[in-house]
Amino acid sequence: VQLQASGGGLVQPGGSVRLSCAASGFTLDYYHIGWFRQAPGKEREGVSCTWSNIGSSVGNITYADSVKGRFTISRHNAKNTVYLQMNSLKPDDTGVHYCAANDHLHYPESCVPSEFAHWGQGTLVTVSS
């Protein structure tokens, strides 16, 4: 299982960026995929998760309250890629963004780092004027 995150950069407040998470070595359909971020001096936190296409959570998506209405997570199964479209960015969105995957959860639809076993290398998003 390998994950490659990309798409970060410097963005002005109010701007947009799309992050990509390219998966290899496994089929996206069978895995839960999450985006997480870690701001300087803070713990890693869940941003958004999309649950696998198998099981009772199929089609469900989870967003952190701080990003609801601004961020959209989506799967492109043919490309084995998950995207995170980030709009109306704020300075508080700054941090290293990671994508992660797992094929099972201890707690259903739990978008927390401890539930995910496989991690990409992270991409930095800086929101600043």
Side-chain angles (χ1 to χ4, degrees):
V1 175
Q2 289 191 327
L3 299 163
Q4 180 78 33
S6 62
L10 176 62
V11 187
Q12 289 191 339
S16 298
V17 69
R18 188 178 78 163
L19 304 183
S20 299
C21 177
S24 59
F26 67 100
T27 302
L28 209 56
D29 267 358
Y30 304 143
Y31 276 73
H32 310 294
I33 306 293
W35 281 101
F36 300 84
R37 69 184 176 198
Q38 189 163 17
K42 294 187 177 180
E43 292 188 356
R44 196 171 298 187
E45 62 178 357
V47 175
S48 181
C49 291
T50 169
W51 310 110
S52 81
N53 290 332
I54 296 176
S56 60
S57 298
V58 59
N60 289 352
I61 288 173
T62 299
Y63 293 103
D65 287 344
S66 61
V67 307
K68 283 180 181 176
R70 300 189 297 123
F71 291 9
T72 303
I73 191 171
S74 60
R75 292 174 178 253
H76 194 309
N77 289 332
K79 293 186 177 181
N80 228 33
T81 300
V82 175
Y83 300 102
L84 184 68
Q85 178 67 43
M86 306 165 67
N87 298 331
S88 303
L89 283 162
K90 305 175 182 180
D92 282 351
D93 296 318
T94 293
V96 179
H97 286 65
Y98 300 88
C99 60
N102 210 358
D103 61 355
H104 67 278
L105 299 172
H106 294 99
Y107 299 99
E109 302 188 20
S110 180
C111 191
V112 296
S114 59
E115 287 283 4
F116 289 80
H118 310 285
W119 291 81
Q121 86 289 357
T123 183
L124 177 62
V125 176
T126 303
V127 185
S128 175
S129 54

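Excluded from the calculations below are hydrogen atoms, water molecules and symmetry mates; all remaining heavy atoms, backbone and side chain alike, are included. It should be emphasised that the depicted structure is a prediction, and the values quoted were computed from it without experimental measurement.
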List the atom of [X], the atom of [Y], and the distance in Å for their closest heavy-atom pair.
X    : Y    : answer
I61  : S48  : CG2-OG, 4.1 Å
F36  : P113 : CE2-N, 3.5 Å
G34  : C49  : CA-SG, 3.7 Å
S20  : T81  : CB-CG2, 4.3 Å
E115 : H106 : OE1-N, 2.8 Å
S16  : S88  : OG-N, 4.3 Å

How far does [atom1] of [X] sit from [atom2] of [Y], to the nearest 0.5 angstrom?
X   : Y   : atom1 : atom2 : answer
K42 : T94 : NZ    : OG1   : 10.0 Å
Q4  : Q2  : CD    : CD    : 8.5 Å
N80 : S24 : CG    : OG    : 8.0 Å

Under a 4.5 Å cut-off applied to non-hydrogen side-chain atoms, are [X] and [Y] in contact?
X    : Y    : value
L10  : S128 : yes
R37  : R44  : no
L28  : Y30  : no
Y83  : T72  : no
Y107 : S114 : no
W51  : L105 : yes
F71  : N87  : no
Y98  : C21  : no

task = May I have the step-by-step check of side chain to side chain contact (heavy atoms under 4.5 Å, CB included) for I73 and W35, ending in yes or no?
result = CA-CA 9 Å; I73 191 171; W35 281 101; 3.7 Å; yes
ask   = Would a hydrophobic clustering, with Ile, Leu, Val, Met, Phe, Trp and Tyr connected at side-chain separations under 4.5 Å, put I33 with V112?
value = no
task = Go through the steps to decide whether M86 and L19 satisfy the test side chain to side chain contact (heavy atoms under 4.5 Å, CB included), and finish with yes or no.
result = CA-CA 8 Å; M86 306 165 67; L19 304 183; 3.6 Å; yes
Anything under 3.5 Å between a donor and an acceptor, one on a side chain of residues 116-127, the other on a protein residue two or more places apart or in another chain? List them.
{"unit_1": "W119", "atom_1": "NE1", "unit_2": "F116", "atom_2": "O", "d": "3.0"}
{"unit_1": "Q121", "atom_1": "OE1", "unit_2": "A5", "atom_2": "N", "d": "3.4"}
{"unit_1": "Q121", "atom_1": "NE2", "unit_2": "A5", "atom_2": "O", "d": "2.8"}
{"unit_1": "T123", "atom_1": "OG1", "unit_2": "G8", "atom_2": "N", "d": "3.0"}

Intermediate values then yes/no, side chain to side chain contact (heavy atoms under 4.5 Å, CB included), S74 and V82 = CA-CA 6 Å; S74 60; V82 175; over 6 Å; no
inquiry  = Regarding D93 and K90, does a basic nitrogen lie under 4.0 Å from an acidic carboxylate oxygen?
reply    = no
request  = Please check if the distance between the ring centroids of Y31 and F26 is under 6.0 Å.
outcome  = yes
key: Step-by-step side chain to side chain donor-acceptor pair (under 3.5 Å) determination, N60 to E109   = CA-CA 8 Å; N60 289 352; E109 302 188 20; 2.7 Å; yes
inquiry  = Just by distance, no angles: are the side chains of T50 and R75 close enough, under 3.5 Å, to form a donor-acceptor pair?
reply    = yes
